[in-house]
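Okay, structure first, notes after.
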There are 2 protein chains.
Amino acid sequence: MNAPSGQPRPARGARQESLRELNLELVFRHVLAAERSISRTELAAATGLTRPTITRIVEELIAGRLVTETGSARDGRAGRPRVGLTPSRSGPAGLGLDIRTDGLAACVVDLQGTVRHLAFAPIDLEGPDAPALLNHLARMACEAVEAVAAEGLTVIAATLAVPGAVDRGVVRSAPVLGWRDVDAGALLRAATSELGLPINVDNEANLAAHGELHAAGQNQADFLYVSGGLDIGAGMILDGRLMRGSRGWSGELGHFTVDPDGKPCPCGARGCLQTYASLHAILDGQTVPAGTTPDAAAIAWADEGRPATLASIDTAATALGIAVSGALNLLDIDTVLLGGSFALLSSWMTAKVKSEVDQRVLSSSWAPITIRPATLGPDAAAIGAALTFIDRLREHPTSWLAHG
Amino acid sequence: MNAPSGQPRPARGARQESLRELNLELVFRHVLAAERSISRTELAAATGLTRPTITRIVEELIAGRLVTETGSARDGRAGRPRVGLTPSRSGPAGLGLDIRTDGLAACVVDLQGTVRHLAFAPIDLEGPDAPALLNHLARMACEAVEAVAAEGLTVIAATLAVPGAVDRGVVRSAPVLGWRDVDAGALLRAATSELGLPINVDNEANLAAHGELHAAGQNQADFLYVSGGLDIGAGMILDGRLMRGSRGWSGELGHFTVDPDGKPCPCGARGCLQTYASLHAILDGQTVPAGTTPDAAAIAWADEGRPATLASIDTAATALGIAVSGALNLLDIDTVLLGGSFALLSSWMTAKVKSEVDQRVLSSSWAPITIRPATLGPDAAAIGAALTFIDRLREHPTSWLAHG
DNA sequence: ATATTTATTTCATGGCTTGACATAACCTCG
DNA sequence: CGAGGTTATGTCAAGCCATGAAATAAATAT
């Protein structure tokens with residue numbers, strides 16, 4: 001029932017209308033943060049505003065399709081029943097796009113955070129070049145927008161998840177895709193020009209962490225999300241907010257030094273986490289059966305107890321524990337979510353990771369650390385990408401109200 | 001000339017008077033952030049507020065001794081000259097206290113960030129216990145408050161810097177002092193009860209980083225400060241703000257794993273940075289001449305080219321480079337400040353640290369990284385501690401105005 | 001059916017910013 | 001040296017927005 005804090009205060013002066021905007025944002029944030037539907041009176045108590053003000057603001061929010069009345073809920077107590085308010089299920093929505101190792105994904109979520117559309121297209125990354133890939137994604141985006149329009153949803157923003165370092169829409173480096181300085185934002189914007197959507201591009205691990213943040217609710221405001229796969233990335237949630245870094249290149253956990261004199265890494269350094277815990281390292285050169293994904297193969301071999309696989313998973317877990325310990329020591333975080341391949345292999349990895357962390361993180365001796373698999377599965381990044389529209393709306397609901 | 005952004009928006013509803021507070025804070029922040037003195041009209045342009053509003057707010061700020069007129073500055077142009085406004089040199093001030101390896105320090109800074117008082121008392125840490133040490137500091141605090149009162153300064157808050165992990169005033173663990181769960185905040189508050197000051201306690205590296213942030217000005221909003229000494233700590237400045245971590249235990253760089261199978265560390269793990277780059281490790285068991293500090297000895301030996309010392313400094317620099325690389329990969333930071341002993345030894349360390357970082361940080365191949373010694377010297381933490389009062393005032397100037 | 005309780009809306013009041021206007025202080029040019 | 005131009009700051013009526021009191025609505029309890 002705590003008020004969601006956050007957001008930088010506007011640097012411009014506050015006028016009379018700013019007051020109105022400020023309070024509208026405040027009320028909207030409370031509606032979004034509420035676990036269940038919330039009444040006008042409860043809003044008044046939570047925000048400290050008076051009932052008349054709340055009434056006026058709620059009227060505006062309903063007119064703008066941001067909030068819906070759920071009808072009077074008779075809770076058995078005496079007196080006029082409260083009229084419940086919830087984020088609208090038929091107002092603005094967000095589109096998330098993801099380029100995965102095994103295919104392309106598109107998904108749409110509404111203001112309640114519910115996934116209303118989810119499409120997946122298997123694809124071989126070796127084949128198409130960047131423009132072809134993004135054109136395919138653009139078609140999926142159009143289909144998604146049409147599909148949810150039938151349910152009364154208006155997609156207002158799209159975010160693309162990419163496995164690599166992204167700088168203001170430009171993919172600086174994505175080894176898995178073989179991309180280098182690809183302006184994915186501009187390409188995708190051109191391919192979806194008919195939709196006229198604002199398009200953001202961000203790192204896959206960052207967006208997956210963002211997705212997990214929404215899934216975990218208010219209670220989990222600080223955690224490290226680690227995404228396993230061909231590449232290893234991390235997303236940091238601190239005080240309920242995603243840490244992107246000043247240029248958006250944060251979370252390169254894959255190139256943490258695990259052993260200064262270890263195996264050489266394509267990046268030029270030695271002993272990077274990547275060389276011990278990427279999916280390549282875990283499969284250790286063994287050929288994956290045709291028609292099987294690398295993930296599935298690793299699980300199958302681990303399940304049947306193949307010694308080489310179990311050994312390489314153990315090495316990976318140890319290396320991951322060392323790298324994660326560094327991050328926890330630095331950031332004062334007490335929860336780690338294992339995502340991507342690490343989530344699938346978590347039953348073989350978690351214990352080892354935890355033992356390394358317990359040994360190497362200074363605060364672990366007086367404050368316990370939790371290591372657990374992520375909850376959203378392979379669609380985490382696409383969902384997290386779609387959800388970014390909520391944050392944008394949370395900070396500037398008036399921009400939507402003006403347009404809509 | 002950019003508006004300083006930041007601060008969380010209050011979670012309570014905005015009333016009419018909130019508008020007044022909001023704008024007062026905004027104007028005050030602009031005066032603080034201005035490089036030189038700024039006029040009312042410039043403030044109006046910068047904030048977007050109208051001149052009348054600025055006039056009213058400035059009147060209030062001057063009455064509250066937060067801002068002073070510097071007299072009309074004739075700049076040669078036609079028209080009535082601007083009346084310059086600067087943060088007051090005789091209003092509220094902040095007190096910083098520091099427990100160092102070589103003694104105790106107390107300092108007072110004013111709203112302009114100028115150090116107005118600085119006292120140091122050499123002391124042997126082996127001798128006194130925690131209460132005795134804090135009583136000594138309390139006496140220094142009283143002297144400092146009296147000394148600056150003569151100059152018209154009113155100390156409104158004190159912050160204590162401690163070499164260890166601090167949790168809401170309680171020192172959880174400070175190996176250098178031999179402290180464990182010492183409620184330094186309460187003890188110091190009791191010892192300085194006559195002053196009636198709010199007292200904060202924070203980590204030494206965090207506060208030193210904070211001091212360097214003020215010294216560097218607006219241009220350097222993201223950096224990692226690494227403090228060398230008997231212990232190694234780090235402070236992170238991201239987007240112009242100190243990252244304290246949710247519980248205040250961030251920055252434990254000293255227990256970054258440099259070599260998983262390396263030397264055992266008192267913390268229980270193996271191969272911590274501490275075991276390679278602490279002052280103990282650099283001196284490598286050689287006895288320091290009586291009457292000389294360990295720092296001075298290390299410098300002297302390095303200066304005379306003693307091979308053992310140069311070798312251990314080289315090892316320390318390599319280890320430091322590895323640990324710092326991890327932090328930079330994780331946080332997307334491009335500047336590292338070497339502080340404490342590392343600053344004194346920087347001419348022997350910087351090159352080696354930089355070569356490790358250039359090799360191990362992924363983004364270094366397309367965005368250069370700067371490694372340089374810190375500017376404030378041994379008083380960095382005390383100054384940074386004293387400066388925290390400005391941040392508090394920046395966020396809630398009205399609390400002071402109400403009291404004063 | 002009436003009283004009680006709780007939720008929401010209506011209306012006059014007051015605080016704050018605004019925009020227009022007035023005043024002050026300096027430079028420049030005849 | 002004084003009039004005119006230019007720039008900076010102060011003053012005043014008007015409009016917008018939240019407030020508090022009173023009114024209305026819609027349930028439950030007696």
Side-chain angles (χ1 to χ4, degrees), chain A residues 10 12-27 30-31 34 36-63 67-85 398 401, chain B residues 9-10 12-27 30-31 34 36-63 67-86 398 401:
Chain A
R12 303 301 292 179
R15 312 150 158 240
Q16 292 291 109
E17 5 169 335
S18 315
L19 209 55
R20 192 168 177 167
E21 276 184 43
L22 240 55
N23 285 332
L24 185 115
E25 288 172 29
L26 181 69
V27 170
H30 271 91
V31 174
R36 295 160 295 95
S37 76
I38 186 170
S39 74
R40 290 174 174 76
T41 306
E42 285 170 320
L43 280 171
T47 59
L49 293 166
T50 57
R51 273 93 46 125
T53 306
I54 297 288
T55 295
R56 195 192 53 64
I57 290 174
V58 167
E59 194 176 4
E60 213 169 333
L61 288 171
I62 291 177
V67 165
T68 320
E69 289 190 340
T70 54
S72 40
R74 290 184 254 195
D75 53 358
R77 296 191 311 170
R80 176 172 172 175
R82 345 166 180 274
V83 177
L85 299 167
T398 30
L401 292 178
Chain B
R9 192 172 288 169
R12 303 299 293 178
R15 312 150 157 240
Q16 292 292 108
E17 11 170 326
S18 315
L19 208 56
R20 191 170 178 164
E21 277 184 43
L22 240 56
N23 285 332
L24 185 116
E25 288 172 29
L26 180 70
V27 170
H30 270 91
V31 175
R36 294 161 297 97
S37 76
I38 187 170
S39 74
R40 290 173 172 78
T41 305
E42 284 170 320
L43 280 172
T47 59
L49 293 166
T50 56
R51 272 89 49 115
T53 306
I54 297 289
T55 294
R56 193 194 54 66
I57 290 173
V58 167
E59 195 175 5
E60 213 169 333
L61 288 172
I62 291 177
V67 164
T68 322
E69 290 191 339
T70 54
S72 40
R74 290 183 255 196
D75 53 358
R77 298 191 310 169
R80 176 173 173 174
R82 347 168 178 273
V83 177
L85 299 168
T86 57
T398 30
L401 293 178

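Residue numbers start from 1 in every chain, and the chains themselves are labelled A, B, ... in the order their sequence lines are given, proteins ahead of strands.
- One finds the CG atom of B:L85 at 6.5 Å from the CG atom of B:L43 (value rounded to the nearest 0.5 Å).
- At a threshold of 4.5 Å between non-hydrogen side-chain atoms, the residues A:L24 and A:T398 count as touching.
- For B:T53 and C:dT18, the shortest distance from a side-chain N or O to OP1 or OP2 is below 4.0 Å.
- Under 4.0 angstrom from either OP1 or OP2 of C:dT9 there lies at least one side-chain N or O belonging to A:R40.
- In this structure, A:R20 and A:R56 have side chains that are in contact, with non-hydrogen atoms separated by less than 4.5 Å.
- As rounded to whole Å, 16 Å separates atom P of D:dC17 from atom CD1 of A:I54.
- Between A:T41 and C:dT6, a side-chain N or O to OP1/OP2 separation shorter than 4.0 Å is absent.
- In this structure, B:I62 and B:E69 have side chains that are in contact, with non-hydrogen atoms separated by less than 4.5 Å.
- Atom CD1 of A:I57 and atom C1' of D:dT19 are 13 Å apart (whole Å).
- Atom CD1 in A:I62 sits about 11 Å away from atom P in C:dT8, given to the nearest Å.
- Atom CG in A:L19 sits roughly 7 Å away from atom C1' in D:dA18 (whole-Å rounding).
- Rounded to an integer number of Å, the gap from A:L49 CG to C:dT8 C1' is 16 Å.
- OP1 or OP2 of D:dG10 lies within a sub-4.0 Å distance of a side-chain N or O belonging to B:T55.
- Separating the CG atom of B:L22 from the C1' atom of C:dG15 is a distance of 15 Å, rounded to the nearest angstrom.
- Taking every side-chain heavy atom of B:P52 into account, D:dT11 is the closest of C:dC26, D:dT11, D:dT19.
- Minimum interatomic distance between A:G84 and A:S37 (heavy atoms only, all atoms of both residues): CA-OG, 3.7 Å.
- Rounding to whole angstrom units, CZ of residue B:R51 and C1' of C:dT18 are separated by 11 Å.
- The phosphate of D:dA18 has OP1 or OP2 within less than 4.0 Å of a side-chain N or O from A:N23.
- One atom, CG of B:L24, and another, C1' of C:dC16, lie 13 Å apart when rounded to the nearest Å.
- Considering only the side chain of B:R56, C:dT17 comes nearest among D:dG20, C:dT17, D:dC12.
- For B:T50, a side-chain nitrogen or oxygen approaches OP1 or OP2 of C:dT18 to under 4.0 Å.
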